[in-house]
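Below: the structure, in structure tokens.
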Amino acid sequence: MPVKPQSPVASLDERRRDLRMTIPQLARRSGVSTATVARILRGEPTVAVGHVCAIADALGMQVGVRPRLSIGAVLRRAATTNSLSSMFI
């Protein structure tokens, strides 16, 4: 059974918790308001990408964008590597 990738927001909140950082501390460190940090961590879709990037940076993480692969590309790549797991790392 394929493993569903963790959402970027869940990754940010997990990292914040691992660092034992409160939302107000993260807000100060990232330069984003406490209310906006809380909205982002709740997964509300009405936030600026720049704020998400600032929060990720404050947590020692980065936000990236990759092109989606078609199922054909996934299968071709898996056939050449004999593994599907390498596609989802």
Side-chain angles (χ1 to χ4, degrees):
M1 173 182 284
V3 175
K4 185 177 178 181
Q6 186 174 9
S7 79
V9 169
S11 296
L12 291 174
D13 199 37
E14 181 179 327
R15 175 74 172 163
R16 177 187 69 81
R17 291 172 191 271
D18 288 347
L19 294 172
R20 291 180 167 79
M21 190 180 297
T22 66
I23 289 174
Q25 288 170 330
L26 178 54
R28 281 191 300 279
R29 187 168 181 177
S30 65
V32 176
S33 75
T34 301
T36 299
V37 170
R39 286 198 324 267
I40 290 169
L41 297 179
R42 282 194 306 268
E44 292 184 16
T46 58
V47 297
V49 172
H51 289 149
V52 175
C53 292
I55 289 167
D57 186 58
L59 294 169
M61 302 174 79
Q62 66 182 24
V63 176
V65 178
R66 297 181 295 168
R68 280 188 292 212
L69 294 175
S70 68
I71 189 65
V74 170
L75 294 175
R76 283 190 299 278
R77 193 180 226 179
T80 61
T81 63
N82 293 324
S83 172
L84 280 176
S85 63
S86 66
M87 295 296 299
F88 303 102
I89 296 176

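These numbers come from the heavy atoms of this one structure, side chains and all, not from hydrogens, waters or symmetry mates. None of the values given here were measured: they were computed from a predicted structure.
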Subject >> Trace of the side chain to side chain contact (heavy atoms under 4.5 Å, CB included) decision for V52 with L12 >> reply: CA-CA 9 Å; V52 175; L12 291 174; 4.1 Å; yes
Side-chain donor-acceptor distances from residues 33-41 under 3.5 Å, at least two apart:
| unit_1 | atom_1 | unit_2 | atom_2 | d |
| --- | --- | --- | --- | --- |
| S33 | OG | T36 | N | 3.1 |
| S33 | OG | T36 | OG1 | 2.9 |

Distance-only criterion, 3.5 Å: show the donor-acceptor pairs between side-chain atoms of residues 19-28 and protein atoms not counting sequence neighbours.
| unit_1 | atom_1 | unit_2 | atom_2 | d |
| --- | --- | --- | --- | --- |
| T22 | OG1 | Q25 | N | 3.1 |
| T22 | OG1 | Q25 | OE1 | 3.3 |
| Q25 | OE1 | T22 | N | 2.8 |

**OP:** Mind checking side-chain hydrogen bond (donor to acceptor under 3.5 Å, both in side chains) for R15 and listing every partner two or more places apart, or none if nothing turns up?
**Re:**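 R15: no side-chain hydrogen bond (donor to acceptor under 3.5 Å, both in side chains) contacts found.
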Original post:
How long is the span from the CZ atom in R29 to the CZ atom in R16, to the nearest 0.5 Å?
Top reply: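 R29 atom CZ to R16 atom CZ measures 13.0 Å (nearest 0.5 Å).
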Original post:
Closest heavy-atom contact between V32 and A54?
Top reply: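 Smallest interatomic distance, heavy atoms only, reads CG2-CB, 3.9 Å.
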